[in-house]
A.B. asks: 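There's a structure below that I have some questions on.
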Amino acid sequence: MGRWLVLGGTRFLSRAVAATAVARGHEVVCAARGTSGAVPDGAKLLVVDRDAPGALEPLRDEAFDAVVDVARMALPWVRSALVAVGANTAHWTFVSSISVYADSSTPGHGVGDTLVEPRTEETITDDEAAYGPVKVASETAVREVAGERALIVRAGLICGPDDLTDRFGYWPNRFARGGRALTPGDPGQPAQIVDVRDLADWIVRSGEEHLGGTFDASGPRSTLGAVLDEVADAVGAADLERVPAAPEALTAAGVQPWAGPRSLPLWLPASHAGMLARDTAPAAAAGLHCRPIADTARAALAHERTLGPDRPRRAGVTPAEESEILRRFS
Ligand SMILES: NC(=O)c1ccc[n+]([C@@H]2O[C@H](COP(=O)([O-])OP(=O)(O)OC[C@H]3O[C@@H](n4cnc5c(N)ncnc54)[C@H](OP(=O)(O)O)[C@@H]3O)[C@@H](O)[C@H]2O)c1
């Protein structure tokens, strides 16, 4: 069994990676501040603030079989991790994103697509517009040091238990409540998700097998209508009535696509029709197995219930907003 370093490990994907690696018998060190949560049972927390100069220096003489880094918008973090342990690590996974692509409008494209311009300044940013550009620069930094030892995972929409974004979970939560539910009236819109547990499982098995290369990592291509059908079938209340609204009507009612307040999560404008329609066949051929969406919906609902179904959300419409919008349409 191997020795793994997870840069993160206290929440969502990186925590699921650490938990999976522990379950598969690896010794797992999670380097994080520990402020987002606890590391999984069986993993060790190395308290590290990656903003501090030389934060990973204590690891400099250590050797790892695998490193997994989820740095979001911090090229200096990526570089300093590579300096600290890049030479002594057999396999390096960097979790990137489908936000690296310049064109989000065309369905069916793969990893050969044109990327956004990298942002190579040695700064840490919270400017969301820098997300894709910093991921591109981070990917390059990882390839420069790890070469064929590098696995670049361009994740699509990650869903399931412990998701902090409130996007996918909105739908199981809403459909389980029942009654008249406002839904996007564009069922043919492409949609594609990956369950956090499946992605974590693939990342760990790929590290064990020293899989190298760059992959768009998400589930099979589907449609928003089919995804919502599966969610409704899995967890919808008996009295659920889905009320589809045309995109123009939603826009006129001030409803946002994708995420955020007063939004219908996963609904995308036509300009982004390619975002959730990546060619994920290479990842599937390389072992990324995706469970049925119904299973993700049940797990997401269980997580929603631990948080409380009526809490303030980062994404979705509130019950009051939904009633007000539905009244406009009736
Ligand atoms: N969610 C999606 O749908 C989606 C889609 C595409 C790609 N992705 C990518 O998937 C990955 C998700 O990673 P994730 O779920 O683990 O969540 P994350 O929020 O990206 O990562 C958070 C981890 O980083 C640690 N961290 C934050 N600040 C730190 C600091 N100053 N020093 C040390 N550690 C620090 C956190 O631990 P502490 O706070 O405890 O320090 C936590 O363990 C990211 O790379 C993201 O870009 C996500």
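What you see is a predicted model; the values in this text were computed from it and never measured. As the structure lists them, so they are numbered: ligands from 1, and atoms in each ligand from 1.
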A.B. asks: So which protein heavy atom does atom 23 (C) of ligand 1 come closest to, and at what separation?
C.D. replies: Gly8 CA, 4.0 Å
A.B. asks: Using a 4.0 Å cutoff against the non-hydrogen atoms of Thr35, which atoms of ligand 1 qualify?
C.D. replies: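 Counting atoms of ligand 1 from 1, those under 4.0 Å from Thr35 are 38 (P), 39 (O), 40 (O), 41 (O).
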A.B. asks: For Asp163, is at least one N or O under 3.5 Å away from an N or O on ligand 1?
C.D. replies: no
A.B. asks: Would you mind finding which of Phe168, Phe94, Tyr131 brings a heavy atom closest to atom 8 (N) of ligand 1?
C.D. replies: Tyr131
A.B. asks: With heavy atoms under 4.0 Å as the rule, classify the contact between Arg15 and ligand 1 as side chain, backbone, both or neither.
C.D. replies: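 The answer is neither; Arg15 stays 4.0 Å or more away.
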A.B. asks: Are any of the heavy atoms in Lys135 under 4.0 Å away from ligand 1?
C.D. replies: yes
A.B. asks: For Arg33 and Asp49: C-alpha separation, side-chain torsions, deciding distance, then whether salt bridge (Lys or Arg N to Asp or Glu O under 4.0 Å) applies.
C.D. replies: CA-CA 5 Å; Arg33 297 164 304 177; Asp49 183 347; 5.1 Å; no
A.B. asks: Starting from atom 27 (C) of ligand 1, find the nearest protein heavy-atom neighbour and note its residue, name and distance.
C.D. replies: Arg33 NH2, 3.4 Å
A.B. asks: Where is the nearest protein heavy atom to atom 4 (C) of ligand 1: which residue, which atom, and how far?
C.D. replies: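 Its nearest protein heavy-atom neighbour is Ile158 CD1, 3.5 Å.
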A.B. asks: Testing the 3.5 Å rule here: is there a donor-acceptor pair between the side chains of Arg15 and Ser36?
C.D. replies: no
A.B. asks: Identify, by atom number and element, the atoms of ligand 1 in contact range of Gly9, meaning under 4.0 Å from any of its heavy atoms.
C.D. replies: 43 (O)
A.B. asks: Report the C-alpha separation of Arg311 and Asp166 in whole Å, then their side-chain angles, then the decisive distance to 0.1 Å, and conclude whether the salt bridge (Lys or Arg N to Asp or Glu O under 4.0 Å) test is met.
C.D. replies: CA-CA 11 Å; Arg311 72 200 154 89; Asp166 289 346; 3.0 Å; yes
A.B. asks: Once you restrict to heavy atoms under 4.0 Å, what part of Ser99 touches ligand 1? Side chain, backbone, both or neither.
C.D. replies: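 No part of Ser99 comes within reach of ligand 1.
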A.B. asks: Write out the residue and atom name of the closest protein heavy atom to atom 39 (O) of ligand 1, then the distance separating them to 0.1 Å.
C.D. replies: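 I find the closest protein heavy atom is Ser36 OG, 2.4 Å.
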A.B. asks: Just one of Val85, Leu59, Leu82, Val29 clears the side-chain contact (heavy atoms from CB on, under 4.5 Å) bar with Val67, so which one?
C.D. replies: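 Considering Val85, Leu59, Leu82, Val29, a side-chain contact (heavy atoms from CB on, under 4.5 Å) with Val67 is found only for Val85.
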A.B. asks: Which bit of Val48 is near ligand 1, meaning a heavy atom under 4.0 Å away: side chain, backbone, both or neither?
C.D. replies: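 Val48 to ligand 1: backbone contact only, side chain stays beyond 4.0 Å.
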A.B. asks: Hey, does Asp49 come in under 3.5 Å of ligand 1, counting only N/O atoms on both sides?
C.D. replies: yes
A.B. asks: Establish, from distance only, whether the side-chain atoms of Asp51 and Trp77 form a donor-acceptor pair under 3.5 Å.
C.D. replies: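 Yes, Trp77 and Asp51 have a side-chain donor paired with an acceptor closer than 3.5 Å.
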A.B. asks: Salt-bridge test for Glu324 and Arg328: reply yes if a basic N is under 4.0 Å from a carboxylate O, no otherwise.
C.D. replies: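 Arg328 and Glu324: salt-bridged.
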A.B. asks: Find all atoms of ligand 1 within a distance of less than 4.0 Å from any non-hydrogen atom belonging to Gly34, and give their numbers and elements.
C.D. replies: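 Within the 4.0 Å cut-off of Gly34, ligand 1 contributes 38 (P), 40 (O), 41 (O).
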A.B. asks: Within ligand 1, which atoms have a heavy atom of Ser96 less than 4.0 Å away?
C.D. replies: 7 (C)
A.B. asks: Considering distance alone, does some N or O of Leu13 sit under 3.5 Å from an N or O of ligand 1?
C.D. replies: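 Indeed, backbone or side chain, Leu13 has an N or O that close.
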A.B. asks: When you compare the side chains of Asp127 and Thr125, does any donor N or O come within less than 3.5 Å of an acceptor on the partner?
C.D. replies: no
A.B. asks: What I want to check is whether the side chains of Ser218 and Gln192 have a donor and an acceptor closer together than 3.5 Å.
C.D. replies: no
A.B. asks: Under 3.5 Å, is there a donor-acceptor pair linking the side chains of Arg278 and Thr280?
C.D. replies: no
A.B. asks: Starting from atom 20 (O) of ligand 1, locate the nearest protein heavy atom and write down its residue, its atom name and how far away it is, to 0.1 Å.
C.D. replies: Arg72 CD, 3.1 Å
A.B. asks: Less than 4.0 angstrom from a charged side-chain N to a carboxylate O is my criterion; do Glu121 and Arg119 meet it?
C.D. replies: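 Answer for the salt bridge query: yes.
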A.B. asks: Could you list which atoms of ligand 1 come closer than 4.0 Å to a heavy atom of Arg167?
C.D. replies: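 Result: 1 (N), 2 (C), 3 (O).
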A.B. asks: With a 4.0 Å cut-off on heavy atoms, is Gly156 in contact with ligand 1?
C.D. replies: yes
A.B. asks: Among protein heavy atoms, which sits nearest to atom 34 (N) of ligand 1, and what does the distance come to when rounded to 0.1 Å?
C.D. replies: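 For this ligand atom, the closest protein heavy atom is Ala32 CA, 3.6 Å.
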A.B. asks: When the aromatic ring centroids of Trp92 and Phe64 are compared, is their separation below 6.0 Å?
C.D. replies: no
A.B. asks: What residue and atom, counting heavy atoms only, is the protein's closest point to atom 18 (P) of ligand 1, and at what distance?
C.D. replies: Arg11 NE, 4.0 Å
A.B. asks: Can you confirm whether the side chains of His26 and Glu208 place a donor and an acceptor under 3.5 Å from each other?
C.D. replies: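 Yes.
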A.B. asks: Of all the non-hydrogen atoms in the protein, which one sits nearest to atom 43 (O) of ligand 1, and at what distance?
C.D. replies: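 Looking only at protein heavy atoms, the one closest to atom 43 (O) of ligand 1 is Thr10 OG1, 2.7 Å.
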A.B. asks: Salt bridge check, Arg174 against Glu304: does any charged N sit closer than 4.0 Å to a carboxylate O?
C.D. replies: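 Judged by the 4.0 Å cut-off on N to carboxylate O distance, Glu304 and Arg174 do not form a salt bridge.
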